[in-house]
Each structure stands twice: as structure tokens, then as C-alpha cells.
Amino acid sequence: MKQLLGIALLCLMVGQVMAQDVLLTQDVEKDTIVEDWGPNRKAFDYTYLHFGFIVGDGDSAGIETRLGHSYEWGFGWRHKTRINNLYSIGYGFAVTNRVYNIKQDSGKVFPNTVLHEKERFSNWNLNVQLYNRFNIGRRGNVVGNYIDLGVYGEWAFSNRHKVYNDLGSNNSANAGAEKTVYRDLDYPSPIKYGVEGRIGFGKLVFYGRYRISDLFQSDFKQYPDPSRIVAGIEMGIF
Amino acid sequence: MNKLVTGCLLVVAFLIAGQTLAQNKYTVYFSDKDGVEFDPYTYFDAKAIERRLRHNLPLNAYTDRPVRSDYAATVSNMVDSLKLVSRWFNAAVVYASNEQIAAVEALPFVTEVEYMTPLQVQAASTKPLEPLAQDYVFELAKRQTDMLGREAFHAAGITGKGVRVAIFDVGFPEVDQHPAFQHVRQRNGILHTFDFVKNKEFVYGYGSHGTNVMSNICGYVDGIYFGLAKDAEFMLARTEMALREPFSEEENWLAAAEWADKHGADIINSSLGYTEKRYFPQEMDGKTAFVSRAANIAARKGLLVINAAGNEGDDKWKCIGAPADADSVLSIGGISPETGFHIGFSSYGPTHDKRMKPNVSAFGKASVAAGQSVKVTYGTSFACPLISGFAACAMQTRPDLKNMELYRELEQSGNLAPYFDYAHGFGVPRAAYFLEEELPEQEPTFELKETEFYYQVVIKEDYLDEIKADADSSIASIFTAIMTPHGEDREHLYFHIENAAGFLGSYNVINVRKREVYKIFKEDLQGNKALRIHYKGYTVSKKL
């Protein structure tokens, strides 16, 4: 009996559902709620990817980085608080890998004068930023075009010095090349800071960063500082 | 010290770049037109004079008189460049630096300076053209005009003859060669063209959106009509850039509207929309957007402005764009030819100040002339010209009507009228409304039964078509199953709830499968003003 009742109830429910396919339903009052979150609303968060080149030759001879072979890349997250249509403030975090490809010539002094096939100094950094944003032009709910001016601080949580050498023939390892990785380096500064600027066109951003602090610890004054300037592009993911 | 200097230089470089980027555009509004001489008979086309007389509009209105040349010249000498001068706004659009515009603002005859901005705008079409089987393309072309009553119009000799339609778009390549427009070319039906982007007359290039749109007003290929108004006259205006989307497109729209007015246009077809790159949804109030203000003035000149609702229905923006939000613009929503009701991407109303939009609808998926051939495309861009062609035919049947009277008649001719909602407006306009002396009164198609707790919609037996199982696979059957040639909806029940403030709080479309369709519980209706239900041409309005 219970089974029969259950089947009957099921049939009734199915019948009701079949009687009324709702093809379109709209709640107008819900549509008109103004949100606080959005590209040009009170608050906005977004992630981004960036890639840039280390440009220039540094403070002094002895640590020339190979143009086009010294770079950084990473990803980050940024928050923006809108003050008005012209001005916003914000902060962000990023993880960046930076690679200095050291030019091998007789003038090299970092980290020593020994020449190799290839030599790299690289680090992974956790970056914190604070910035002011100046938007250009009136706009709707979009990021728009803007200039960012701000400061950053970084903590290098991993440093590596890598050298690559060809072994030639007839070596005891019976190998063609060797790679040596030096870790737990004494000379890199764990904390770095500087200023940065961005020119943004919606999701596409051109950025420049200038490191004010030294790359190496004060105990290692013999090491000249490589170029302090990075220039690159960023792509917002939103 | 060197590090600090270099760091500062970097910062300064960014500031300079910022200043360079901030070469701004402004609209400078003037105080008066004192002493300006104006002869309307020299300035206006004869049709423009005729339109004014028909609408009892003055021939020498303030907004028709030119801007004072001394004001424009003074401002032009103080800024980098002058883009355009608008009679309707009594203003000039200029490029100027901050210092220059500050000096302009101090002039005694300048009442206001409005800061413009670079902007992106979307042409209101979405998915790319589909290279579908030609059978489907032509069948859809037939249906898109049949459902508007093309056969009835053409049988009565109504083809939009004598009506002048201005089309604003991104370009018109192949209009001078495509077979779909041969009948227009043969009778010299394209009267004027102008490219407001490059300030020259040639428009037969650039983006093909305008070509697609025009074919849905007057296209005719291999015996198949793609639009209703094959005998209308045309004015083609390029107001949009294909790859970049600067704010100047809204200014071009204004300039094109003044041009269309001068040359006697009756209808403006604008399958264009301006949304989130420039505005917020709260600004879609018909008064804020530059282009909406221009569109309202065009309507005050007696032009019927018809604009696509937009394709943001399934985006975050969702609502109609500008100038579809303007109160005097007939905004066109899109319906699906396969389902017969709202097509997902068609933008929804109402405006931010709760005025009903869109006003009416047509197919938002249509066959168009494209390249050297015909194809199917999506967008309210194509619902808009289908209605423009309809409006041209309606105007031909009722030349006595003023633009806003025709606007109201187009709404009342909708297949859902007097029912409406913010997805369909009043539905698809019907030719019979304009051709027949009096339409037969629709017999009740359902009953609204009331119990203590709910209202029950019960379809009358004669009005519930049998659902065909295993419908045949022919292309025609896809459409036949949904809508009759006269646009009557076969199986959809519409209902909405009007709230105490006088606008719709919610609206729905229900697929009917059996007689007892839907229960609406009284508990859900508390605090509201009215319940309206529509099924197959019959509407019940219940005061709550």
C-alpha cells in the first residue's frame, strides 16, 4: 500500500513538473542592486602574470648581465580601493623569479674571476607592493587607462648560483657538460626594496621597477651591484 | 645619491608619459546663438521640411540654427584642434590640454565644459557569422520577415516606398556590389553617404556590420527577402571604427543624426550600443549618456530612432545600453527563431529609472548579406533593422502619424500587447495591425481560477495544441513548431507581477504542456499591485 502511495505521489510530482517548464524567470529588483565590487567600484581584486627584462649594466663593471638573457617572471595578486574616478590606492603580493645571466669576460669579478660556459645568479622573491593609481579619463565599470606609482619590498626566500661548463672529451665523468648549483649563499641581501611604476591599458600593463637597496649584503662590498632596473609587461587576469 | 636620482628620474618619466597620455577631449557648451542668421529652406532637404510640417515643428527652432561662428573660431584658436560643432547641443568638441581648457572655461560665452574620454563601444552583434547550409540560411531569411507580416505588407503593395532610412554603422563594404542590394542601386536608392570618422563621402569599406544590418532592412536575394522595406530610400553613415573604439564614436553619432535630420531622414537605424567601458548600469537612465541625449533630440526633430537593445543579456552588465535607454528611442530586443522567446544574449530592461525597455522584439538570429554571399549571424543588431524595415512599411501605411505616435502604434502592434515585459517588450509587431481596419478580438484562451491560497491558470481545451512527438527533421519544421506565420506564440505562457512602485518586480515565460499550467500563490503576490498573464494573444490583468 505504501509503495502504491509513493508511486502515486511521484507521478503527481512529475506531472506538476511537466506541466510547468519555466523557460525564463527574472527578478528585476535583484538586478538593480548596485555592487561594491568591480573594476571601477569601491573595491577590486585581480591576479596577474608578469614578465620583464633586467636592463642596463649596473653600478660598475664586473657584473654585466646579458641583455635579453636576464629576466624576471612571476604572478601576483593586487587589491584596489577606489577613492574617486581619478584616484585609487592599493596593495598587492607577488611571487617573482629573477635570473641574472652573468656575462663571462675578463672583467668579471662576481662572484669570482673564474670564467664558465654560462653563469647565473637567481632568486625567488615574495614581493609586497603599495601603490597609488591615477586613472586617465572618465570610464564605466572597467579598469581603464592608468598610471601606478608605488613602492615595493621583497624577501628572497631562495637564492642560487649556477655555473655550467663544457667538459670536453676524455674526462673522468665521461660526460659532456657539468652544472654546479651553489645554495645557502652568504652574500645576497634577503630584503630588497625600491620604487615602481606602471602604465596600464585595461589588462595590459607596462611596468618599470627601480631597486633602491643593494642586491648584496654590506659585508660583500667587493661585489658590484648589477642593474637595478627592470622593465616588462603584465597581463591582468580578470 | 645616484640611485636616488635615477629612481626619481624613472618616476618623472612616468609622470611625463602620463601627461602625454592625458591629451583630453572636451565638449564645450555655448551660452547663446544671438544674431545667427538661418534659412531653413536653404539648409534642409525638402523631406526634412515636410517632416517638420507633418509634426507641427517649427522650421526655425533654436536647435536647428547654426552655432555662432565667432564662438567656434575663438575656441578653435585656443585649443589643439576642433573635432566637430553641434547645432543641436550648441557646442564644440575639442582636443585641449588642461591649461587650454581652463582658459576656454573662463570665456564669458561658455556655460559648461564636459570632459570626454576614450572609450570602447560594442557593435551590438555577438557570435561570428556561421557558414551554414544555404537551405537553412534562406529558410531563416524567409521566417525572419514572414513573422513580421511581410507577405501581408507586400500583398498590399507596402514596401517602405517613400520612407527615408538613415543607417549608422561601422562600414558598408559590398553594398555597392552585392546582389542583395542591386534593386536599391538600380533605382538610385542610396541618396547620401558620409564617413564621419574620416570626413569623406566614401563608406563602402571597413567593417561589414553595416552591410549585414542594411540587408535586414531591404536585402533581396534569389527571390527571398531579408528585410521588409525593399523600396525605402537610404542614407549611409559611418560613425564607428572597426578596431579601435574611441569616445568620438558618440560624437560621430550626434553629427550623423544632425546630418540625417538635415537630409530628410524619417528613421534612424542604429545597431550600436555603448555600455560598461564608459558608463555604469545606473547611468542608463536615458539622460546621462551623450549619445542618448543626442538620440532624444533626434526624436524631438520628428525622426523615429530605432536602436538595438544590446547583447549583454548573459554578461555581468545585463541591461540595455545607450542610446537604447533614451525614452524616445524604440529599443529592439532579440528573440530566438527556434524557441520563439527571448534569446539569451539580448539585453534586458528596464532602464535605471524603471522605464520599460526593450519596446518590441524581432529575431536576434538572422540571415544577412555578408561578403559575396549570405550567412547567419547573431545579435540584436539584426533584430533592429528587421524592425526598421517594418517601421518603414508601417509609416507608408500611416503617413499621417508623427514619429512618437508611430512609436506607440508599433508597441501596440506587438503580438503580446497589452502584455509586456523587460525581455520582449510588447513582443513582435504585426503587419495586420496596420493593414486591417480592426483586428478581431481575441477569444479567451485560458481561465484564471482563484482559490483561497493561489491562482491557477487553466488553458482552454481548444487552445492547447498537441505536442508533436518525433517532429520531422526538415528545417522548416524547426520554426513551424514554435510560431505561426503571424507570430502567435504556440506554447508559451507569459506572466508578470507589477509591484507597488509601478514597475515589474518579476516576469516569467512558461512552457505549456497541459491545461493546468501554473499555480501562482497569493502569498508571493502580497504587497504587489497587479498580476498579468498572457497566452496566445489573450491577456488577463488582475488587480491585487
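Residue numbering restarts at 1 for every chain, and letters A, B, ... go by the order of the sequence lines. From a predicted model like this one, the values you see are computed outputs, not experimental measurements.
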Given heavy-atom pairs under 4.5 angstrom as the criterion, report whether the side chain, backbone, both or neither of [X] touches chain A.
X: A501(B); answer: neither
X: Y422(B); answer: side chain
X: N499(B); answer: side chain

Electrostatic pair E276(B):R139(A) at N-O distance under 4.0 angstrom: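 No, this pair does not count.
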I510(B) versus L23(A), closest heavy-atom pair with distance: C-CD1, 4.3 Å
E35(A) side chain near K316(B) side chain, heavy-atom distance below 4.5 Å: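 The answer is yes, as the side chains (C-beta and beyond) meet within the 4.5 Å cut-off.
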Validation row: K318(B), Q26(A) side chains within 4.5 angstrom (heavy atoms): yes
Flag for D27(A)-S506(B): side-chain donor and acceptor within less than 3.5 Å: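 No - no donor-acceptor pair under 3.5 Å links their side chains.
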Candidate pair D21(A) and R513(B), rule side-chain contact (heavy atoms from CB on, under 4.5 Å), full reasoning: CA-CA 8 Å; D21(A) 291 350; R513(B) 293 186 183 274; 2.8 Å; yes
Residues, nucleotides or ligands: over 12 heavy atoms within 6.0 Å of F75(A) CZ: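 Atom CZ in F75(A) is not packed in, count stays at 12 or less.
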Verdict with reasoning, N141(A) to Y279(B), per side-chain contact (heavy atoms from CB on, under 4.5 Å): CA-CA 7 Å; N141(A) 193 21; Y279(B) 300 110; over 6 Å; no
